[in-house]
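These notes are about the structure you will find just below.
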Amino acid sequence: MSRSYYIAGNWKMHKTRAEAAELAKALVSQLKDGKHRYLVAPSFTLIETVASIVKGSNIRLGAQNMASEEQGAHTGEVSVLQLKDLGVQTVILGHSERRHNYKEDDALINKKVKLALKHGLEVILCVGELLEEREAGKAEQVCETQVVKGLEGVPAAELAHIVIAYEPVWAIGTGKTATPEDADVIHAFVRKLIGKLYGADAAERITIQYGGSVKPDNAAQLMAKENIDGALVGGAALKTDTFVPIALFA
Ligand code: PGA
């Protein structure tokens, strides 16, 4: 299998510049011999600070969201051009907190995905079901809709710049993790779906991260699963003590 593991830290709405700089510096030094792909996604206000620290390291620079328009009268939004200007390489789109707390729908997320790709950014597209959807047996259906609609109009040639993060909403920030077996079922389902949409090679190559209470003590079991290619880490990404062991998992 040629996929490499990809471990991303989503810092969410945490940290001041000084705190972010401290964490970024520690990560650069502690992950320098790490064998996997790494990313940190700080808040917009921290990006410039973190950019200067991770530059030239093996840690990519991400943003947690971006506007669906290139520029213009969009008070409070941050554009793809502004992110690129700071050196951002990757943008997380469709995070469940954006979908559910800020009412971003699949059409808006799809617009953002296409805009990010147009400007050469890598996209981490998050998908995942709510607890009631899982209990109603609809987890696969929900993920299918989010993948299909999120990638609508994305040509096969761009798929190499897409990473999918499966993040069951009920596992995010709750301390509840999907079992590696349950997560792998959805990862396999998403991979098969990518195969239907883009062909077998694309399915084999696409990176599918798991997110939702990934911690040092469950990371290795999750990533041992055939279809789990990395992690999108929230809470545990805020400290080296918890992020480094995940990032260096054996
Ligand atoms: P968590 O967040 O690791 O705190 O559950 C994951 C995420 O939201 O990406």
Side-chain angles (χ1 to χ4, degrees), residues 5-15 19-20 23 27 31 36-44 46-47 50 59-66 88-104 109 112-113 116 122-131 133-134 139 142-143 146-147 150 162-180 182-184 186-187 190 207-223 225 228-249:
Y5 289 105
Y6 189 5
I7 318 292
N10 171 9
W11 294 359
K12 305 195 181 182
M13 198 174 70
H14 292 284
K15 300 196 182 288
E19 290 162 351
L23 177 58
L27 291 177
L31 298 185
H36 312 307
R37 298 183 72 206
Y38 304 116
L39 171 114
V40 291
S43 297
F44 295 131
L46 309 173
I47 289 176
V50 173
I59 303 176
R60 293 173 68 87
L61 182 62
Q64 299 169 18
N65 187 23
M66 64 169 227
V88 167
Q89 298 159 292
T90 301
V91 61
I92 298 171
L93 295 174
H95 190 279
S96 70
E97 286 149 20
R98 301 300 319 168
R99 290 179 188 269
H100 299 291
N101 304 343
Y102 296 94
K103 309 293 173 224
E104 292 196 11
I109 294 161
K112 295 183 180 193
V113 167
E122 174 182 75
V123 171
I124 298 179
L125 173 65
C126 303
V127 303
E129 81 286 356
L130 297 163
L131 184 58
E133 292 167 335
R134 169 155 288 259
V142 169
C143 293
Q146 291 176 351
V147 169
I162 299 278
V163 171
I164 294 179
Y166 168 57
E167 300 205 299
V169 181
W170 47 270
I172 295 178
T174 57
K176 285 186 208 149
T177 325
T179 64
D182 284 347
D184 197 52
I186 303 288
H187 282 239
V190 170
T207 296
I208 309 177
Q209 296 173 326
Y210 169 80
S213 300
V214 176
K215 304 279 183 261
D217 62 3
N218 60 25
Q221 291 100 291
L222 284 160
M223 287 184 277
K225 288 290 169 192
I228 302 182
D229 310 319
L232 181 52
V233 186
L238 296 172
K239 290 195 181 120
T240 50
D241 289 3
T242 43
F243 191 66
V244 169
I246 295 172
L248 299 180
F249 87 95

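Read the numbers this way: they start at 1 and go in the same order the structure lists the ligands and their atoms.
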Hey, does the side chain of [X] reach the backbone of [Y] with a donor-acceptor pair shorter than 3.5 angstrom?
| X | Y | value |
| --- | --- | --- |
| T179 | D182 | yes |
| K215 | A236 | no |
| Y166 | I186 | no |
| Q89 | L61 | yes |

Practice item. Determine, for R99 against E167, whether the closest basic-nitrogen to carboxylate-oxygen distance falls under 4.0 angstrom. Key: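 No, no charged N to carboxylate O under 4.0 Å.
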
Exercise for review: Supply the atom-to-atom distance Q209 CD to M223 CE, rounded to the nearest 0.5 angstrom.
Suggested key: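 Reported to 0.5 Å precision, the distance equals 9.5 Å.
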
Review point. What residues come within 4.0 Å of ligand 1, counting heavy atoms only?
Key: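 N10, K12, H95, E167, A171, I172, G173, G212, S213, L232, V233, G234, G235.
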
